[in-house]
Chemist: 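I have a structure I would like to understand better, so I am pasting it below and will then ask my questions one at a time.
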2 protein chains.
Amino acid sequence: MPKAESKPSEELILNAAVKVFTRKGYAGARMEEIAKEAGINRALLHYYFRDKETMFNIIFETKFKEFFTGLFGVFQSNASFTEKIRSIIDHEITVLSKHPDLARFVIMEIAQQPDRLVQFGQKLGLNPRLMLENFQKEILQNVEEGKIRPIDGRQLLMNIISICIYPFVAKPIIKTMMQMDENTFMDLMEKRKKEAYEFIINAITP
Amino acid sequence: MPKAESKPSEELILNAAVKVFTRKGYAGARMEEIAKEAGINRALLHYYFRDKETMFNIIFETKFKEFFTGLFGVFQSNASFTEKIRSIIDHEITVLSKHPDLARFVIMEIAQQPDRLVQFGQKLGLNPRLMLENFQKEILQNVEEGKIRPIDGRQLLMNIISICIYPFVAKPIIKTMMQMDENTFMDLMEKRKKEAYEFIINAITP
DNA sequence: GTCTATAGGCGGATAGAC
DNA sequence: GTCTATCCGCCTATAGAC
């Protein structure tokens, strides 16, 4: 709890805001808490950012990008099919390990207001349709070549994403139920990169 | 929007409260909205249930039970290992198809206040430790018998649960990205019971 | 039981001194 | 830029009439 920083710049405030918004969500976040977290006064928040919503949108855009762009990048690369799967898993688990509340935050706020997905997706130039079509084509091609079992591309994509993301979304539940501390959980996630990959490859290999 | 019901009983209010709380979460829910949804006055909410928190706790307990008990029941049965997996998948997807916001709601509110998991878990007499130990033992036994590949029980359990639950948690994202309407999504989930089972069985079969 | 009216407090936002 | 003081509206909760 920094008491009297020399320069409580935008940066400092934003960091505090990220913490509070991602933990509490828009509805649960309090300007007072953000100010306290940044070690400054409430009024100063309004000096730098007009209001709560403006602040939220800036943070949400950042987090939205963090959550989605890497994924899209992988799909657009021209690595082999299995290498793509490995990259997705690696990327997702790495990113979510670094940003504990990222997935839960983005999912929740989109659930609250689904048009944010369209709005921010367009703003960042993401094209889910194209991404998905390419992935489907690639699966179909691999199926025809007999490299993987026949499978609905949507189901496979959901499986991969679920396996990577869900443990972080449900982290508080999993930690308690499996009686793990933070380090044990992070260890398990690190190992999961390899284990999840093998699990999925086994599942789709004929 | 029912205007003048004959008997706006507890039941009617609770149903309205369930809708609002599960959609908006505790922080985002408004007593006014619940009253409107039930077609009655705000004051009446306080007549039947003392305050917002009391109301929330009643609903959360119900939803908590819905979310967890079936799962525990399956684990405690003495079906075969693969039958247990099938039951879990069937049960989870069936329940979550009926209660669209259940998983997101329970996960979010536990993330907001993790001790609710302990508190309500004890109240309902759930024993995650025992459940988990039994499952681990069963996996180990199956591995030794050469029936399934060697795998960390915690990872396998996470995989199964993730595959079942995540699509519902991220439903608003998935629907938009895959351009599905409600019916298409529900169809996909129904098919998923079979597809997820095969996927997992393939993954663990040597 | 169900309503209207209103108390009471919290939280977001602004004015203005320094 | 950063603070204190304060306004104002929203939301929970209660009082009290019917």
Side-chain angles (χ1 to χ4, degrees), chain A residues 1-63 101 105 108-109 112-113 116, chain B residues 1-63 101 105 108-109 112-113 116:
Chain A
M1 204 185 297
K3 199 184 169 186
E5 288 298 319
S6 52
K7 285 203 174 180
S9 60
E10 261 182 58
E11 194 72 12
L12 182 64
I13 294 174
L14 271 185
N15 287 338
V18 165
K19 273 191 198 163
V20 175
F21 274 125
T22 54
R23 278 205 284 251
K24 305 289 182 69
Y26 182 82
R30 295 288 168 262
M31 297 297 268
E32 171 61 31
E33 200 184 343
I34 296 173
K36 199 178 143 203
E37 177 76 37
I40 54 150
N41 194 278
R42 242 176 303 138
L44 208 55
L45 301 180
H46 294 282
Y47 173 78
Y48 280 103
F49 310 90
R50 193 164 309 280
D51 53 25
K52 190 183 177 184
E53 209 188 329
T54 305
M55 218 172 179
F56 174 83
N57 280 328
I58 292 169
I59 286 160
F60 184 75
E61 186 175 335
T62 314
K63 292 295 158 184
D101 299 313
F105 173 65
M108 288 306 131
E109 295 302 334
Q112 283 310 312
Q113 219 170 295
R116 290 205 258 241
Chain B
M1 205 184 296
K3 198 183 170 186
E5 288 298 318
S6 51
K7 285 203 175 180
S9 59
E10 263 181 56
E11 195 72 11
L12 181 64
I13 295 174
L14 271 185
N15 286 338
V18 165
K19 273 191 198 162
V20 176
F21 275 125
T22 54
R23 278 204 284 251
K24 304 289 182 71
Y26 182 83
R30 295 288 168 263
M31 297 298 268
E32 171 60 30
E33 200 184 343
I34 296 173
K36 198 178 143 204
E37 177 77 37
I40 54 151
N41 194 276
R42 244 176 301 138
L44 208 54
L45 301 180
H46 294 282
Y47 173 79
Y48 279 105
F49 310 90
R50 192 163 311 280
D51 53 25
K52 189 182 177 183
E53 210 190 329
T54 305
M55 218 170 178
F56 174 83
N57 280 328
I58 292 169
I59 287 160
F60 184 75
E61 186 176 335
T62 314
K63 292 295 159 184
D101 299 312
F105 172 66
M108 288 307 131
E109 295 301 333
Q112 284 309 314
Q113 218 171 295
R116 292 206 256 240

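Chain naming here is simple, since letters A, B, ... match the order of the sequence lines and numbering starts at 1 in each.
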Chemist: Between the protein and nucleotides 14-18 of chain D, which nitrogen or oxygen pairs are less than 3.5 angstrom apart?
Modeler:
none

Chemist: Report the nucleotide, chosen from dC3(D), dG1(D), dA13(D), that has the shortest atom-to-atom distance to any side-chain atom of M31(B).
Modeler: dA13(D)

Chemist: If the helix axis at each end comes from five base pairs, how far does the helix from dG1(C)-dC18(D) to dC18(C)-dG1(D) deviate from straight, to 10°?
Modeler: 10°

Chemist: State which residues pass side-chain contact (heavy atoms from CB on, under 4.5 Å) with R42(A); sequence neighbours excluded, sorted by chain then number.
Modeler: M31(A), E32(A), A35(A)

Chemist: Which atom names give the shortest non-hydrogen contact between L45(B) and I13(B), and what distance separates them?
Modeler: CD2-CG2, 3.5 Å

Chemist: Measure from CD on E11(B) to C1' on dG1(C) and round the result to the nearest Å.
Modeler: 17 Å

Chemist: For K19(A), what residues pass the side-chain contact (heavy atoms from CB on, under 4.5 Å) criterion, not counting sequence neighbours?
Modeler: R23(A), E37(A)

Chemist: When the distance from CD of E53(B) to P of dC11(D) is rounded to whole Å, what number comes out?
Modeler: 19 Å

Chemist: For E33(A), give me all partners under side-chain contact (heavy atoms from CB on, under 4.5 Å), at least two apart in sequence or on another chain.
Modeler: V20(A), K24(A), R30(A)

Chemist: Without decimals, in angstroms, what is the distance between I13(A) CD1 and dC3(D) P?
Modeler: 9 Å

Chemist: Within the distance-only criterion (no hydrogens, no angle test), does the side chain of K52(A) pair as donor or acceptor with the backbone N or O of H46(A) below 3.5 angstrom?
Modeler: no

Chemist: D51(B): what forms a side-chain contact (heavy atoms from CB on, under 4.5 Å) with it, not counting sequence neighbours?
Modeler: E53(B), T54(B)

Chemist: Any base atoms under 4.0 Å from A29(A), or only sugar-phosphate, or nothing? Heavy atoms, all strands.
Modeler: sugar-phosphate

Chemist: CG of L45(B) versus P of dG1(C): gap in Å, rounded?
Modeler: 16 Å

Chemist: Counting heavy atoms from C-beta on, name the nucleotide in dT12(D), dG1(C), dT2(D) closest to the side chain of L44(B).
Modeler: dG1(C)

Chemist: Under the 3.5 angstrom rule, does the side chain of E109(B) hit a backbone N or O of F60(B) as a donor-acceptor pair?
Modeler: no

Chemist: Could you report the tightest heavy-atom contact between T22(A) and V18(A), atom names first, then the distance?
Modeler: OG1-O, 2.6 Å

Chemist: Rounded to the Å, how far apart are I40(A) CD1 and dT4(D) P?
Modeler: 12 Å

Chemist: Out of dA13(D), dG1(D), dT4(D), which nucleotide sits closest to the side chain of Y48(A)?
Modeler: dG1(D)

Chemist: Distance check needed: dA13(D) P versus E32(B) CD, whole Å only.
Modeler: 14 Å

Chemist: Please state how far atom NZ in K52(B) lies from atom P in dT12(D), giving the value in whole angstrom units.
Modeler: 5 Å

Chemist: Centres of the F105(B) and F21(B) rings: under 6.0 Å?
Modeler: no

Chemist: Round to a whole Å and report the spacing from CG of N41(A) to P of dG11(C).
Modeler: 15 Å

